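Remarks on the structure that follows.
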Amino acid sequence: MNAVRGFKDILPKEAKRWSHVEARAREVFYSFGFDEIRTPVLEKTGVFTRGIGEHTDIVEKEMYTFPDRNGESLSLRPEATAGVIRAVIENKLHASSSLLKLFTIGPMFRHERPQKGRLRQFHQIDAEIIGTSAPLSDAEVILSAWEILSGLGVVDARLEINSLGCPLCRPVYREKLNAFLHGIQAHLCPDCQRRSAANPLRVFDCKQDCCKEALRQAPVMKDHLCADCAGHFERVLAYSSAFNMPFTINPYLVRGLDYYVRTTFEMVSARLGAQGTVAAGGRYDGLVTALGGPDLPGVGMAVGLERLMLLIADKDGGKGNGGLFVAALGEEARKRAVSLLHSLRKTGLAAQMPYEEGKGLKAQLKEADRQGASFALIVGENELETKKLILRNLVSHEQQEVALDDNTAVTIRELAS
RNA sequence: GUGGGCGUAGUUCAACGGUUAGAGCGUCGGGUUGUGGCCCCGAAGGCUGUGGGUUCGAAUCCCAUCGCUCACCCCA
């Protein structure tokens, strides 16, 4: 038996780092005033088809979709936003507060061929601000991702921002782009010829040199924004600068999900291979209504946890758990040691002792070392007699005596932390 | 869904078509009494991914299959 393709075990050493990263993200979110929300990984398929868009690749060929026993179509979530919005609408969260700042952390599922930085079950740190279209909210969402990355020592990710316009100005621009693409069809790769018909904006994603060259003179959305969108974009950039986030405007930055309008952004690292995007997001003012809710604007972002882990993989990695290892010698001492072990843990100290009876001191210290303990407490017949235990620092090799009385656990807690 | 690369011990890797498939690291044991790491000695651990084929003989060559991996598409 082995795990399903594209599904990975997160082993203890790795899981420790994950907890650390998640804790860092929570810190950032709470400092921004976000509240956590946890939604199911499984939703009715319609949540995603209506939210993300029927004709996106995610919905058309990447979702884990299957009929429930009653025949209803269900899907594992391929991204977080649609489910969060569904939860907001269903629970009428917008009714008790006109502004919602929510974050969630958890697994997402897409049926793609796995490669570096891409799995079928992957994890995202996700944030949404719902109820305002003010430019500062865009900048804050971006900043939250920025703070999570920089707080973890990721310094080589660059921030790229663009505006995709709105339902007023994008169609006008799209016509212009179509006209341009029509003129250069012959210079485009086969993929882009297909794209230019289906979703013209996506030709800007193409990595082929011939297309990049051909598109050099193409009109870009940024230059064709309506007055409202242009003003919004300008303010987002101004706030981003005020937050001290160095960014570059990438007029070719487009996103794959239908719901994005206006602000869109990515944080990209060169160290991730073909999947360089470690965080991304944007504004989705029409999404709430598309899912049957009131007309609420929103902006959100997602950080790819696996990709983030790849960027910080070489950090820390200190083995062991620190903590204290209790070594007992003799049956009487072992009884005493067990109850002391219990008291030590109640003081908040991480403490363990060998399960097997009758081990020699040497063997017990060896085990302590292998467990990565920082301290060893020696409880032997001699120590019981003199009522003085030996506390050994396994790192510095220093030993000291600790009186065996009612206060022993607390004393050790002081000395061994 | 489409391509390329790779499958040998727990792990990282060796082994010209030719005896019993090896090494480092890790694991376990030992180096005598109550002091770990370092060092020394020893042990366990393999259907060479799987199934066919070529050959006197296959880890090695060929085919298929499965798996991993990287890339395309697309995306976090």
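Numbers restart at 1 for each chain; the letters A, B, ... are given by sequence-line order, proteins then strands. In this text, all values refer to a predicted model and were calculated from it rather than measured experimentally.
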Rounded to the Å, how far apart are [X] [atom1] and [N] [atom2]?
{"X": "A:Arg120", "N": "B:G1", "atom1": "CZ", "atom2": "C1'", "answer": "11 Å"}
{"X": "A:Leu377", "N": "B:U35", "atom1": "CG", "atom2": "P", "answer": "17 Å"}
{"X": "A:Gln399", "N": "B:G36", "atom1": "CD", "atom2": "C1'", "answer": "11 Å"}
{"X": "A:Leu389", "N": "B:G34", "atom1": "CG", "atom2": "P", "answer": "18 Å"}
{"X": "A:Met353", "N": "B:G36", "atom1": "CE", "atom2": "P", "answer": "19 Å"}
{"X": "A:Gln121", "N": "B:A76", "atom1": "CD", "atom2": "C1'", "answer": "14 Å"}
{"X": "A:Lys61", "N": "B:C72", "atom1": "NZ", "atom2": "P", "answer": "13 Å"}
{"X": "A:Arg392", "N": "B:U35", "atom1": "CZ", "atom2": "C1'", "answer": "5 Å"}

When all nucleic acid strands are considered with a 4.0 Å heavy-atom cut-off, which category describes [X]: base, sugar-phosphate, or nothing?
{"X": "A:Glu381", "result": "base"}
{"X": "A:Glu60", "result": "nothing"}
{"X": "A:Ala279", "result": "sugar-phosphate"}
{"X": "A:Ile125", "result": "nothing"}
{"X": "A:Ala280", "result": "sugar-phosphate"}

Once ring pair (Phe, Tyr, Trp, His ring centres under 6.0 Å) is applied, what residue pairs with a partner in [range] remain, sequence neighbours excluded?
{"range": "residues 104-133 of chain A", "value": "A:Trp18-A:His123, A:Tyr64-A:His111"}
{"range": "residues 189-220 of chain A", "value": "A:Phe204-A:Tyr252"}
{"range": "residues 325-377 of chain A", "value": "none"}

Can you list everything that forms a salt bridge (charged side-chain N to carboxylate O under 4.0 Å, His left out) with [X]? Sequence neighbours excluded, please.
{"X": "A:Glu79", "result": "none"}
{"X": "A:Arg235", "result": "none"}
{"X": "A:Glu14", "result": "A:Arg17"}

Open item on the list: Quick check for you: among B:C72, B:A76, B:G36, whose closest atom lies nearest to any side-chain atom of A:Phe122?
Closed with: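 In terms of side-chain proximity for A:Phe122, the closest of B:C72, B:A76, B:G36 is B:A76.
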
Atom [atom1], compared across [N] and [M]: separation rounded to whole Å:
{"N": "B:C63", "M": "B:G46", "atom1": "C1'", "result": "25 Å"}
{"N": "B:C39", "M": "B:G24", "atom1": "P", "result": "13 Å"}
{"N": "B:C25", "M": "B:G7", "atom1": "P", "result": "24 Å"}
{"N": "B:C73", "M": "B:U11", "atom1": "P", "result": "34 Å"}
{"N": "B:G34", "M": "B:C38", "atom1": "P", "result": "23 Å"}
{"N": "B:A14", "M": "B:G22", "atom1": "C1'", "result": "7 Å"}
{"N": "B:G45", "M": "B:A21", "atom1": "C1'", "result": "14 Å"}
{"N": "B:U2", "M": "B:A64", "atom1": "P", "result": "15 Å"}

Could you go through nucleotides 28-33 of chain B and list every protein N or O atom that sits under 3.5 Å from one of its N or O atoms, giving the distance for each pair?
from	atom 1	to	atom 2	distance (Å)
B:C28	OP2	A:Arg370	NH1	3.0

TODO: In plain terms, say whether A:Glu367 and A:Lys359 are close enough for a salt bridge, that is, a side-chain N and a carboxylate O under 4.0 Å apart.
DONE: yes

- [ ] Supply the atom-to-atom distance A:Leu308 CG to A:Gln124 CD, rounded to the nearest 0.5 angstrom.
- [x]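 CD of A:Gln124 is found 12.0 Å from CG of A:Leu308.
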
Task: Secondary structure string for RNA chain B (Watson-Crick or G-U under 3.5 angstrom, | for other-strand pairs) - done: (((((((..((((....[...)))).(((((.......))))).....(((((..]....))))))))))))....

TODO: Apply side-chain hydrogen bond (donor to acceptor under 3.5 Å, both in side chains) to A:Arg336 and list each qualifying residue two or more places apart in sequence or on a separate chain.
DONE: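 Once residues adjacent in sequence are excluded, A:Arg336 has no partner under the side-chain hydrogen bond (donor to acceptor under 3.5 Å, both in side chains) criterion.
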
TODO: Let me know, please, whether A:His397 or A:Ile378 comes out on the 5' side of the other along RNA chain B by nearest nucleotide.
DONE: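 Final value for this comparison: A:Ile378.
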
Task: Given RNA chain B, 5'-ward residue of the pair A:Glu306 and A:Leu361, judged by closest heavy atom - done: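 Going by which nucleotide is closer to the 5' end, it is A:Leu361.
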
Tabulated below should be each protein N or O lying under 3.5 Å from an N or O of nucleotides 67-70 of chain B; please produce it.
from	atom 1	to	atom 2	distance (Å)
B:C68	OP2	A:Arg5	NH1	2.3
B:U69	OP1	A:Lys8	NZ	2.9
B:C70	OP2	A:Lys116	N	2.9

Open item on the list: Counting only heavy atoms not in A:Gln217 (residues, nucleotides, ligands), do more than 12 fall under 6.0 Å from its CD?
Closed with: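 Result for CD/A:Gln217: open.
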
Open item on the list: Counting only heavy atoms from other residues, nucleotides and ligands, does the tally under 6.0 Å from CD of A:Glu36 exceed 12?
Closed with: yes

Open item on the list: I want to check something: taking the side chain as every heavy atom from C-beta on, are A:Ile89 and A:Val288 in contact at a cut-off of under 4.5 Å?
Closed with: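 Yes, side chains in contact.
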
For residues 152-167 of chain A, tabulate all N or O donor-acceptor pairs below 3.5 Å that involve a side-chain atom, not counting sequence neighbours.
from	atom 1	to	atom 2	distance (Å)
A:Asp156	OD1	A:Arg271	NH2	3.3
A:Asp156	OD2	A:Ser269	OG	3.0
A:Asp156	OD2	A:Arg271	NE	3.0
A:Arg158	NE	A:Glu160	OE2	2.8
A:Arg158	NH2	A:Glu160	OE2	3.1
A:Glu160	OE1	A:Asn250	ND2	2.8
A:Asn162	ND2	A:Asn250	O	3.4
A:Asn162	ND2	A:Pro251	O	3.3
A:Asn162	ND2	A:Leu253	O	3.0
A:Ser163	OG	A:Gly165	N	3.4

Task: Side-chain donor/acceptor contact of A:Asp369 with base of B:G36 under 3.5 Å - done: yes

TODO: Would you state whether a donor and an acceptor, one from the side chain of A:Glu383 and one from the base of B:G34, lie under 3.5 Å apart?
DONE: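 Checked by distance alone, the answer is yes.
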
Compile the donor-acceptor pairs under 3.5 Å between side chains in residues 99-106 of chain A and protein atoms, sequence neighbours left out, one pair per line.
from	atom 1	to	atom 2	distance (Å)
A:Lys101	NZ	A:Phe32	O	2.7
A:Thr104	OG1	A:Ile37	O	2.7

